[in-house]
There are 2 protein chains.
Amino acid sequence: MPSSPDHTYPTRQLCEFLARFTLADVPAPVIERAKDLYLDWIASAIAGKDAPAIRRLQEFAAAMGPQDGPAEVLVDRRRTSPYFAALINGASSHVVEQDDVHNGSVLHPAAVVFPAVLAAAQAEGKSGADILLASIAGYEAGIRIGEFMGRSHYTVFHTTGTVGTLAAAAAVAKLYGLDAEGINQALGSAGTQAAGLWEFLRDAADSKQLHTAKAAADGLMSAWIARAGFTGARRILEGAQGMAAGMSTDADPFCLTDGLGTRWATAETSFKFFASCRHTHPAADALKALMQREGIAAAQIERVTTHVHQGAIDVLGPVTNPATIHQAKFSMGTVLGLVAIHGHAGLGEFEEQALQDARVAAFRDKVEMALDDEINRAYPRQWIGRVTVRTTDGRTLEARVDVPKGDPDNTLSRPELEAKAIQLGAFRHGASEAEIREIIRRVWALEQAPDVKDWLPPAR
Amino acid sequence: MPSSPDHTYPTRQLCEFLARFTLADVPAPVIERAKDLYLDWIASAIAGKDAPAIRRLQEFAAAMGPQDGPAEVLVDRRRTSPYFAALINGASSHVVEQDDVHNGSVLHPAAVVFPAVLAAAQAEGKSGADILLASIAGYEAGIRIGEFMGRSHYTVFHTTGTVGTLAAAAAVAKLYGLDAEGINQALGSAGTQAAGLWEFLRDAADSKQLHTAKAAADGLMSAWIARAGFTGARRILEGAQGMAAGMSTDADPFCLTDGLGTRWATAETSFKFFASCRHTHPAADALKALMQREGIAAAQIERVTTHVHQGAIDVLGPVTNPATIHQAKFSMGTVLGLVAIHGHAGLGEFEEQALQDARVAAFRDKVEMALDDEINRAYPRQWIGRVTVRTTDGRTLEARVDVPKGDPDNTLSRPELEAKAIQLGAFRHGASEAEIREIIRRVWALEQAPDVKDWLPPAR
C-alpha cells in the first residue's frame with residue numbers, strides 16, 4: 001500500500017513550506033536580491049550565444065521539438081515548447097561561467113531554476129510576481145537539498161546537474177500552484193532523473209552544459225507530469241533507496257528543513273566577479289590583494305601556493321594543461337596568471353589571453369594548490385582565500401581574504417550588476433546595450449510586471 | 001589538454017568493437033534470437049496502451065513535442081519526433097512487466113534499446129538489417145555495462161534506467177554509423193545522464209515507466225548530439241569521477257570487454273513467462289513444479305519459504321501489501337498465490353485476480369523470503385528457484401528449478417512467443433490478432449525488410 005502522506009519526514013516538511021509561502025512572507029531585501037539574481041542569469045544565458053555546445057543543442061531542439069511555441073530561447077530569439085526552451089536556456093546559462101553560486105550547497109541555482117521557471121511562466125501566461133515566487137521556491141529547495149547531499153556527493157557528482165533537477169522541479173511546481181503532495185510528487189520524479197558526473201572535466205567535454213540543460217528541462221518535466229497525475233517516490237531524498245542512499249555518504253536530513261520561513265537561502269547566493277570556476281575566486285582575490293598591498297608585479301613572483309578546500313582540488317585538480325577557454329576556467333594557475341598579469345580574469349581576458357598569452361601559461365606552472373585544514377573545515381559555509389607567494393628576491397608573502405568579492409557580504413552593487421549584464425550582452429553580440437538596458441528596466445520592476453514575455457525581440 | 005583517444009581503456013575497447021562488427025560477424029542463431037526479442041518487445045510496448053502513467057507521458061509529449069513526425073508511437077498510432085516516440089514507447093514497453101531481462105546484468109534491454117532504435121531508424125529511413133545490427137550493439141554494450149556496474153549498483157539503482165541510457169545510446173550510435181570515437185562520445189553523454197532509483201517501489205509510484213522512457217529518449221539524444229559534435233567524457237564508466245566511482249562499490253572493468261566478438265550476450269537474454277518481476281519467476285516455477293509433482297492444491301499449503309538471492313529481497317522486500325496491479329507484480333506472495341490458486345500469473349490473472357481474490361491475499365501472507373547462500377552466490381549468472389512448503393497435514397516438501405522457464409536454456413519457442421504476442425496485443429485492444437500476425441510475419445523476415453515504417457496502421 002502506498003505510504004500515506006504524513007508530515008513527519010523532512011522532504012514532506014520542505015514541500016509543505018514550499019506550498020504554503022507567498023511573496024508577502026518573503027522579506028523585501030530577499031525579493032530585491034532575487035531580482036538581482038534574475039538579471040545576472042538572463043545576461044549569462046544571453047552570453048552563451050554561439051558556443052559550439054549550445055549550437056548542437058539548438059540543432060537537437062530543432063530536430064526534436066516544435067518549430068514554434070510559447071517559450072523564448074534567449075540565444076536565438078526563437079520560440080518553442082517550454083521543454084526545449086528550458087533545455088537551451090539552461091545550457092547557455094552556464095557556458096561562460098558567470099552565473100551565480102550558493103556556497104554552502106555548491107549549487108549554481110540560476111542556471112537551472114530560471115530557465116525552467118521562465119519557460120513554464122511564458123507558456124502559462126504568468127506574471128513577474130509569479131516568476132519571483134516560483135524562483136525563490138526553487139532556490140530555497142535546491143540550496144537545502146544541495147546542503148543535504150553533503151560534500152561526499154560533490155566529489156563525484158556535479159550538484160548543479162543532480163540537485164538542480166529538483167530545484168527546477170520545485171520552482172515549476174510552485175509556479176503551477178501545486179499543493180504539498182503535488183510538489184512532493186514532482187520532487188520524486190525529479191530525484192529519480194537526477195544525474196551529472198564530473199568525469200567530463202578530464203576531457204574538457206561539453207557535459208557541464210548538458211547538466212544544466214537537462215536539470216532545467218527534466219525539472220520542468222517532473223512538475224508538468226506531477227500536475228497531470230504522474231507519481232514519484234515521496235521520500236526520494238532520505239528513503240532507503242533514494243538519492244542520499246545512492247549518491248552520498250554524509251547526507252544530513254536536518255539541512256532539508258533548516259530555517260524554513262526564517263532563513264532565506266536565496267539571499268546567500270554569490271555573484272561571480274571573475275569568469276571562472278568559483279573555486280578559483282577566493283585565491284584570485286587574495287593574490288590580487290597581496291599584489292596591491294605589496295606593490296609587486298607578476299614578473300616578481302616565483303611561486304604561488306594557494307591554500308584551498310578539498311572541493312577545489314577535486315574539481316580543479318584534473319585540469320593541468322587547459323586546451324580550451326572553458327577548461328581554462330577550471331585551471332587555478334590560469335586564473336591567477338590572468339589576475340597577476342592582466343589585473344582581471346573576466347570574459348575578455350579569458351577570450352583573448354587565457355590560451356594565447358605565453359606569460360599566463362608560464363605563470364600557471366608557478367601555481368600549486370595545497371589542502372588547508374582550517375579552510376577545508378570552514379568550507380562550504382565559508383570560502384576563504386589564502387595565498388603564499390615567494391618572490392624572485394627571496395621574500396615569502398601571505399594574504400588572506402575571508403569574504404571573496406561577490407559573496408553575500410561583499411556583493412555586487414546594482415551598478416556593478418548592470419555593467420556586468422551589459423558586458424555579457426556584448427560578449428557575443430547576444431543583446432545590444434539598449435536591449436540589456438530595457439531588460440534591466442523590466443527586472444527592477446519585476447514584481448509589478450503583468451507578464452514575462454519577449455525579453456528580446458523575436459527573430460525575424 | 002583533452003586526453004588523446006588511446007585504445008587501452010575498457011570503455012574504448014568496447015567502443016572499438018561496437019564500431020567494427022557487422023551482421024556478417026553475428027552467428028545466425030543470435031540474429032534469430034534478436035528477432036524473437038524484437039517481437040516480444042513490440043507486443044509488450046503495445047500492451048502498455050491506456051495505462052495511466054503512459055497516458056500522462058503522451059499528454060506531456062503532445063504539449064512539448066511536434067504534432068507529427070517520422071517516428072511511430074505504438075500505443076496511439078500517432079507520429080512524432082524520434083525523441084518523443086522513444087520516450088512513450090520506452091515507457092509503455094515496461095508497464096505490463098512482460099519484457100525481456102538479462103540475468104547477469106539484471107537489465108531489461110528491450111525496453112530501452114528497441115524504442116530508441118526504432119524511432120531513430122524510422123527518422124533515418126533505415127532497414128530491418130540496420131535495426132537488428134544496432135539493437136544487437138545496444139544489447140552487447142548494455143549487458144556488459146550492467147555486469148560491470150555490479151550487484152552493489154542494483155541495490156539502490158534501477159539498472160534499466162541508469163545503464164539503459166548507455167545501452168540505448170550505443171544502439172543509436174551504431175545505427176547512425178558512428179566510429180569508435182563517436183560511440184565513445186555518445187556513451188559519455190549518456191553516462192552523465194544515467195539515473196533511476198528504486199525508492200519509488202515503496203509508494204507504488206510511476207517511476208519505473210519514467211526510467212525506461214528517459215533511458216530510451218536520453219540515450220537517443222546522446223547519440224544524436226554526439227553525431228552533431230557534442231562531446232562527453234571518454235572514461236565515463238571507469239574514470240575517477242565516472243559512473244562506477246559514483247554509483248558502485250564492486251565494479252569490474254573486465255566485464256566491459258568480456259568475450260567481445262565471441263560471446264553474444266544478446267542470446268543470453270530471458271523471456272518472461274509470468275507477467276511479474278523476474279525476481280519472482282524462479283520461485284514461482286519451483287512452486288508450480290512442486291504442486292504438480294506432489295499433486296497438492298493451494299488449500300493444502302500452510303507456509304511457503306522461498307530461498308532467494310539478495311537482489312530479490314532488495315526489490316521485492318519493500319512490497320508487503322500491494323495496492324495496485326503493478327505493485328502486485330513485485331509481491332512474491334501475490335505471484336505465488338496466483339500460481340498456486342489459478343495455475344498461472346499471466347496478464348489476465350494479474351488483471352482479474354491479483355487484488356480481487358481474497359484467497360490470493362490470504363496465500364500471500366503464507367509466503368516468506370529467506371536469503372540462501374548458494375542461490376545468492378550463483379546470482380546473477382544463474383537464477384535458481386527453490387521453495388520449501390509446509391502442508392496443512394504437517395509435511396515439509398521441497399522443490400528446486402535450476403533453469404526457470406524463459407531462460408536461454410529453457411526459452412520460449414516461436415509458437416509460444418507468437419501466442420504471447422497475440423495475448424499482449426489483445427490485452428488492452430492495442431492491436432488485433434490480424435495486426436499482430438502481420439507484425440510477426442514482418443519480424444521473422446526482418447533482416448530482408450527494406451524499411452521499418454508503420455508497424456501499425458496510423459491513427460486517423
Side-chain angles (χ1 to χ4, degrees), chain A residues 1-3 52-53 56-57 59-60 63-67 81-84 155-157 161 185 188-189 191-207 210-211 214 218 221 224-225 228-236 239-243 245-247 314 321-323, chain B residues 1-3 52-53 56-57 59-60 63-67 81-84 155-157 161 185 188-189 191-207 210-211 214 218 221 224-225 228-236 239-243 245-247 314 321-323:
Chain A
M1 186 157 131
S3 53
R56 299 297 89 79
L57 295 178
E59 291 160 16
F60 176 75
M64 300 297 170
Q67 300 311 305
S81 70
Y83 187 76
F84 289 100
T155 59
V156 178
F157 292 95
Q185 300 292 347
S189 285
T192 210
Q193 294 185 75
L197 295 158
W198 281 122
E199 182 59 27
F200 75 89
L201 285 173
R202 276 173 199 76
D203 293 307
D206 296 328
S207 308
L210 187 60
H211 295 170
K214 289 304 297 303
D218 289 342
M221 177 189 187
W224 199 102
I225 62 177
F230 193 99
T231 59
R234 291 199 179 88
R235 291 170 176 80
I236 192 64
Q241 290 170 307
M243 273 183 79
M247 306 156 99
D314 291 340
N321 190 12
Chain B
M1 185 159 129
S3 54
R56 300 296 88 79
L57 295 178
E59 292 160 16
F60 176 74
M64 300 297 170
Q67 299 311 306
S81 69
Y83 186 77
F84 289 99
T155 59
V156 178
F157 292 95
Q185 300 291 347
S189 286
T192 211
Q193 294 185 74
L197 296 158
W198 281 122
E199 181 60 26
F200 74 88
L201 284 174
R202 275 174 199 75
D203 292 306
D206 297 327
S207 308
L210 186 61
H211 295 169
K214 290 304 297 302
D218 290 341
M221 177 188 185
W224 200 101
I225 62 177
F230 193 99
T231 60
R234 290 198 180 87
R235 290 171 178 79
I236 192 65
Q241 290 169 306
M243 272 182 80
M247 304 155 100
D314 292 340
N321 190 11

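Per chain, numbering begins at 1; letters A, B, ... match sequence-line order. As the structure is a prediction and not an experimental result, all values here were calculated from the model.
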With chain B, the option among A/Gly188, A/Ala245, A/Ala228 that has the most non-hydrogen atom pairs under 4.5 Å is A/Ala228
Segment of A/Phe157 engaging chain B (4.5 angstrom heavy-atom cut-off): side chain
Minimum-distance pair of heavy atoms, taken over all atoms of B/Met221 and A/Leu57: CE-CD2, 4.0 Å
A/Asp218: partners by salt bridge (Lys or Arg N to Asp or Glu O under 4.0 Å), with sequence neighbours left out: A/Lys214, B/Lys214
Separation of A/Asp203 CG from B/Thr231 OG1 (nearest 0.5 Å): 8.0 Å
Considering only heavy atoms and a distance below 4.5 Å, find which of A/Gly239, A/Gly242, A/Pro52, A/Ser189 pairs most often with chain B. A/Gly242
Region of B/Phe84 in contact with chain A, defined by heavy-atom distances below 4.5 Å: side chain
Examine distances only and state if a side-chain atom of A/Thr192 and a backbone atom of B/Ser207 form a donor-acceptor pair shorter than 3.5 Å. no
Structural part of A/Trp224 lying under 4.5 Å from a heavy atom of chain B: side chain
Please report the shortest heavy-atom distance between B/Ser81 and A/Ala63, naming the atom on each side. CB-O, 4.0 Å
Who are the ring-ring contact (aromatic ring centres under 6.0 Å, His included) partners of B/Phe230, not counting sequence neighbours? none
Below 4.5 Å, heavy atoms only, C-beta onward: do B/Arg202 and A/Arg235 meet side chain to side chain? no
Is B/Ala194 close to chain A through its backbone or its side chain, or both, or neither, when contacts mean heavy atoms under 4.5 Å? backbone
Is there a donor-acceptor pair closer than 3.5 Å between any side-chain N or O of A/Gln193 and the backbone N or O of B/Gly196? no
B/Asp206 CG to A/Ile225 CD1 distance, which is reported to the nearest 0.5 Å: 8.0 Å
Among B/Ala53, B/Gly191, B/Gly161, single out the residue with the greatest number of heavy-atom pairs under 4.5 Å to chain A. B/Ala53
Is the backbone of B/Thr155 close enough, under 3.5 Å, to the side chain of A/Gln241 for a donor and an acceptor to pair up by distance? yes
Taking every non-hydrogen atom, the tightest pair across A/Pro82 and B/Met64: CD-SD, 3.6 Å
Looking at B/Arg56, B/Glu59, B/Gln67, which makes the most heavy-atom pairs under 4.5 Å with chain A? B/Arg56
